[in-house]
Protein chains: 2
Amino acid sequence: MTRKAARPGLSAEHIVEAALAQLAERGLERFSLRDVARALGVYPTAVYWYFRSRNELLAAACAHALRPVVPPPRPGDWQRWLRELFTRYRQAMRRHPHLAQLVGAQMLSNASLDFALVEGILQALAQAGCPDEAIVELYNTVVVALCGFATLELAPLPAEDPEGWAEDLQQRVRDIPAADYPALARHLPRLADRSFILRWTPGDRRPMARSFAAYVEVVIAGLAQRIAQARG
Amino acid sequence: MTRKAARPGLSAEHIVEAALAQLAERGLERFSLRDVARALGVYPTAVYWYFRSRNELLAAACAHALRPVVPPPRPGDWQRWLRELFTRYRQAMRRHPHLAQLVGAQMLSNASLDFALVEGILQALAQAGCPDEAIVELYNTVVVALCGFATLELAPLPAEDPEGWAEDLQQRVRDIPAADYPALARHLPRLADRSFILRWTPGDRRPMARSFAAYVEVVIAGLAQRIAQARG
DNA sequence: ACCTGAACACCGTTCAAGT
DNA sequence: ACCTGAACACCGTTCAAGT
């Protein structure tokens, strides 16, 4: 009844899912291929049948996470399309917070969906009236803007002794000398734990939705103005 | 003549310099505390007298790299001050390209210079006329904008088999089906190796200065408009 | 105070061997 | 084709010991 050779118990997709689970559980810094294999009940080296390296596995995980980011076309409304793209990217990263640093910082070069993303951005810029001479710089601007917010929002806080670190930071924030930093002292109640550098709760537990919305509008308004200017 | 106990041959500053040298030579992914110790001619464990962990050493390296980023005050010209801040940040990261991902993605919470940075940004926003209710979101927007560009520009390309990877990407770019990606196909000559996702030369060897300049102007113009709008 | 030295519990990856 | 199994060359970190 049993076959001569068992059908493979593994698959690339299966491994990627296990990797995403490990990532969610232990974070990027403590992510290990051996743990993924353990979770799957196979030898570490079995993974190498499907992926050439640990990095390739992580790249595949990034590609998986990024699948739903490119929005459907919105003919005639480039601002809405961009807004949607930015929002989807952030949501995709919120589902896999530990991937944000990877995608933002180094993985933007692998997946095959990437060409669709490029095409979408170029079409949005064209619709906005961007002249050909400005297409490279504004395309690059959009890509940076796309990754920037979620990368910082979801950045991991120090992994070792997080409570101790949080207390230290709060103490230092309380002790800020108002004479040296008047604006900071004045706005501290608004900023504390709600803003970069002055926060101790990670972004996945304390979303920065309002700031994200403002950020998106700043970028879009800036693009519109820069395009108008480039057209002369 | 020789003292009873030799004065320490090491120092935190000395170790940080060795770490920066190692980083420049081998990159972040292959950075190891043991190599730093080897370069200094001491046992790996000697480093632990000065730093509690590898991560703390890297944080110190980031703080070192970030020292010169906060510009002197520019009373009455917040746009100039911001432009200078962005430029200095990028230049600091260009001096230590392998730190860009760290600083951008996770280390924005340690150094003591940080409070000066926060104060400067808040004062710039105040000068721009930002109302108090919008200060948090626009402060966060500025911080993201600050780190975003250099983080992506200097992102490392795949460490394993970089030439093979570069050739693959170039091949895939050449094979882009113009029917599926018309805008991409049309602008490809401009974009190839000069834009994110479509480049195979790393940003430290091929700077993206024009795109950076455009990016900065987009952000500043967007801030100005958003502030004007927030004032009603 | 500052560093040596040994040891622990891990890694990613290679290669040969099994089925 | 797909996985086991052993082995290699590393890691970061802890702890005790030296001076």
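All chains are named by letter (A, B, ...) in the order of the sequence lines, taking the proteins before the strands, and each is independently numbered beginning at 1. Keep in mind that this is a model prediction, so the values were computed, not measured.
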*Length of the CG-C1' vector between A:L57 and C:dC11, whole Å*: 15 Å
*What is the distance, rounded to the nearest whole Å, between atom CZ of A:F51 and atom P of C:dG12?*
15 Å
*Does B:R199 use its side chain to pair, donor to acceptor, with the backbone of B:E153 at less than 3.5 Å?*
yes
*asked:* Taking the minimum atom-to-atom distance to the side chain of B:R34, which one of D:dT4, D:dG12, C:dT13 wins?
replied: D:dG12
*Quick one: pull up CH2 in B:W165 and CG in B:L157 and give me the separation to the nearest 0.5 Å.*
4.5 Å
*Can you find a side chain N or O atom of A:R30 that sits less than 4.0 Å from OP1 or OP2 on D:dC11?*
no
*For A:Q22 and A:V36, indicate whether the former's side chain and the latter's backbone hold a donor-acceptor pair under 3.5 Å.*
no
*asked:* When you measure from the side chain of B:R54 to the backbone of B:F31, do you find a donor-acceptor pair of N or O atoms at a distance under 3.5 Å?
replied: yes
*Phosphate oxygens OP1/OP2 of D:dC3: is one of them under 4.0 Å from a side-chain N or O of A:Y50?*
yes
_Nearest-angstrom distance from the residue atom NE2 of A:H14 to P of D:dC2_ = 15 Å
*Have a look at A:R54 and say if it touches a base, only the backbone sugar-phosphate, or nothing, with a 4.0 Å heavy-atom cut-off.*
sugar-phosphate
*Quick one: A:L58 CG to C:dG12 C1', roughly how many Å, whole number?*
12 Å
*Verify whether one side chain among B:S195 and A:N140 offers a donor that lies under 3.5 Å from an acceptor in the other.*
no
*Where the side chain of B:D35 is concerned, which of C:dC11, D:dC11, D:dT13 is the nearest nucleotide?*
D:dC11
*Among C:dC3, D:dA6, D:dC11, the one nearest A:T45 by side-chain distance*: D:dA6
*Between B:W49 and A:L33, just flag the one whose closest nucleotide in DNA chain C comes earlier from the 5' side.*
B:W49
*Taking all non-hydrogen atoms of both residues into account, name the closest pair between A:R90 and A:P207 and its distance.*
NH2-CB, 3.9 Å
*Measure from CZ on A:F31 to C1' on D:dC11 and round the result to the nearest Å.*
17 Å
*Between C:dT13, D:dC11, C:dG12, which one does the side chain of A:S32 approach most closely?*
C:dG12
*Taking only N and O in the side chain of A:R38, is any of them less than 4.0 Å away from OP1 or OP2 of C:dC11?*
yes
*Given D:dT13, C:dT13, D:dT4, which nucleotide is nearest the side-chain atoms of A:A46?*
D:dT4
*So, B:E167 versus B:Q171: side-chain donor-acceptor pair below 3.5 Å or not?*
no
*Within this structure, what is the CG-to-P distance between B:L28 and D:dG12, rounded to whole angstrom?*
12 Å
_Parallel, tilted or perpendicular, as decided by the 30° and 60° cut-offs, for the rings of A:F149 and A:Y215_ = tilted
*A:Y43 side chain N/O closer than 4.0 Å to the phosphate oxygens (OP1, OP2) of D:dC3?*
no
*Nearest whole angstrom, please: distance from the C1' of D:dG12 to the CD of A:E29.*
11 Å
*Where each pair must be Watson-Crick or G-U wobble with both distances under 3.5 Å, what dot-bracket representation of DNA chain D is obtained, with crossing pairs in [ ] and other-strand partners as |?*
||.|||||...|||||.||
